[in-house]
Amino acid sequence: MISGKTRLWLMGLLLPLWASASASEPAPAASSVQALIAALGQPAPAHAAFAEARFLQVLDRPLVVSGELSWLGGDRLQRRVDHPQQETSTIADGEVIQQRAGKSPRRFSLKRAPQLQVLLDSFVALLGGDAARLQQAFEIRQSGDATGAWTLTLVPRDARVAKTVASIRIDGYAKESRCMHMQEADGDLAVDLLGPLAARMPAEPTREALQALCQGVP
């Protein structure tokens, strides 16, 4: 079976390419959500720099990695980590491949975790601007719109997914996704800075510092 942490890694690969608001925000009209997601749609291939800080309850300081995320078209997604060590992870044709320098590639099928295939289909739909398809997998809340600052909050509809990921918050400005916060069900948190903002990852990030960066004006 695929472990819970591997599921989280896969979601981390899928999510940050596009771009959640607090659960207290009222649900917007469907047309508003659809308009924002349509504005975020982009043609493949699409690439985005990222820097991720993962706050784990078992560690005193966050783990930080950085590299590039790519949507290569269809269901093909790739996450290349450049620092602190090189690693490339790819999802394509229902298979996950992890590669590290000097080691044999690790492969496994998404059929071992059917809910991840559902999420993959949904995220590819979002990259293509298909809000209706995304709403099949998530309850979506929104604040703001593509004319300025905005936030999307995604809450998994699938109870199996919700046991791993409690919610996802994506902050952006205009048609650019700037940050993703993935709140895990066990209390751990992963924060990704995307695009130009990735270069501003602090040497010793805190939740408060990252929140300020994410909500700042570009």
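Around the CZ atom of R61, the shell of radius 6.0 Å holds no more than 12 heavy atoms that belong to other residues, nucleotides or ligands. Counting heavy-atom neighbours within 6.0 Å of E204 CD, excluding the residue itself, gives a total of 12 or less.
Two residues are said to be in side-chain contact when any heavy atoms from C-beta on lie closer than 4.5 Å; T90 and Q98 fail this criterion. For the pair P45/W71, no side-chain contact is recorded, criterion being any heavy-atom separation below 4.5 Å from C-beta on. With contacts defined as side-chain heavy-atom distances shorter than 4.5 Å, the pair E52/M201 does not qualify.
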CA sep, side-chain torsions, deciding dist, call: R100, Q86, side chain to side chain contact (heavy atoms under 4.5 Å, CB included): CA-CA 6 Å; R100 288 185 178 179; Q86 293 187 334; over 6 Å; no
Stepwise side chain to side chain contact (heavy atoms under 4.5 Å, CB included) check, F55 with V191: CA-CA 8 Å; F55 297 86; V191 181; 4.3 Å; yes
Step-by-step side chain to side chain contact (heavy atoms under 4.5 Å, CB included) determination, L189 to R207: CA-CA 9 Å; L189 172 69; R207 298 181 187 219; 3.7 Å; yes
Stepwise side-chain hydrogen bond (donor to acceptor under 3.5 Å, both in side chains) test for H47 and S70: CA-CA 4 Å; H47 307 277; S70 300; 2.7 Å; yes
Full working for side chain to side chain contact (heavy atoms under 4.5 Å, CB included) between C214 and R178: CA-CA 6 Å; C214 292; R178 290 167 52 81; 5.9 Å; no
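In terms of the side chain to side chain contact (heavy atoms under 4.5 Å, CB included) criterion, residue partners of V81 (sequence neighbours excluded) are, by chain and number, F50, V65, R79, E87. Checked against side chain to side chain contact (heavy atoms under 4.5 Å, CB included), D82 has the following partners two or more places apart in sequence or in another chain: R80.
Residue A166 comes nearest to P156 through the heavy atom pair O-CD, 3.6 Å, listed as atom of the first residue, atom of the second, then distance. When all heavy atoms of A53 and P205 are compared, the pair lying nearest together is CB-CG, 4.0 Å. Contact between A198 and A51 at its shortest, heavy atoms only, is O-CB, 3.5 Å.
Separating the CD1 atom in I140 from the CG atom in L154 is a distance of 6.0 Å, to the nearest 0.5 Å. For the atom pair Q211 CD and T206 OG1, the distance stands at 10.5 Å (nearest 0.5 Å). Taking OG1 from T151 and OH from Y173, the interatomic distance works out to 12.5 Å, rounded to the nearest 0.5 Å. Between D158 atom CG and K163 atom NZ the span is 9.5 Å, to the nearest 0.5 Å. In this structure, L77 CG and L69 CG are separated by 9.0 Å, a value rounded to the nearest 0.5 Å. We find the CZ-CD distance between R106 and Q99 to be 13.0 Å, quoted to the nearest 0.5 Å.
Judged by distance alone, the side chain of D188 and the main-chain N or O of R54 form no donor-acceptor pair under 3.5 Å. Put simply, the side chain of Q142 gets close to the backbone of V33: a donor and an acceptor are under 3.5 Å apart. The closest donor-acceptor contact from the side chain of D93 to the backbone of E95 lies at 3.5 Å or more, if one exists at all. Using modelled atom types, no side-chain atom of W150 and backbone atom of L36 make a donor-acceptor pair closer than 3.5 Å.
Each of L210, L213, L197, L194 was scored for a side-chain contact (heavy atoms from CB on, under 4.5 Å) with C179, with one residue passing: L197.
Linking Ile, Leu, Val, Met, Phe, Trp and Tyr whenever their side-chain heavy atoms come within less than 4.5 Å puts F108 and I91 in one cluster. Linking Ile, Leu, Val, Met, Phe, Trp and Tyr whenever their side-chain heavy atoms come within less than 4.5 Å leaves M182 and L193 in two separate clusters.
Side-chain contact, D192 with H181: no donor N or O sits under 3.5 Å from an acceptor N or O.
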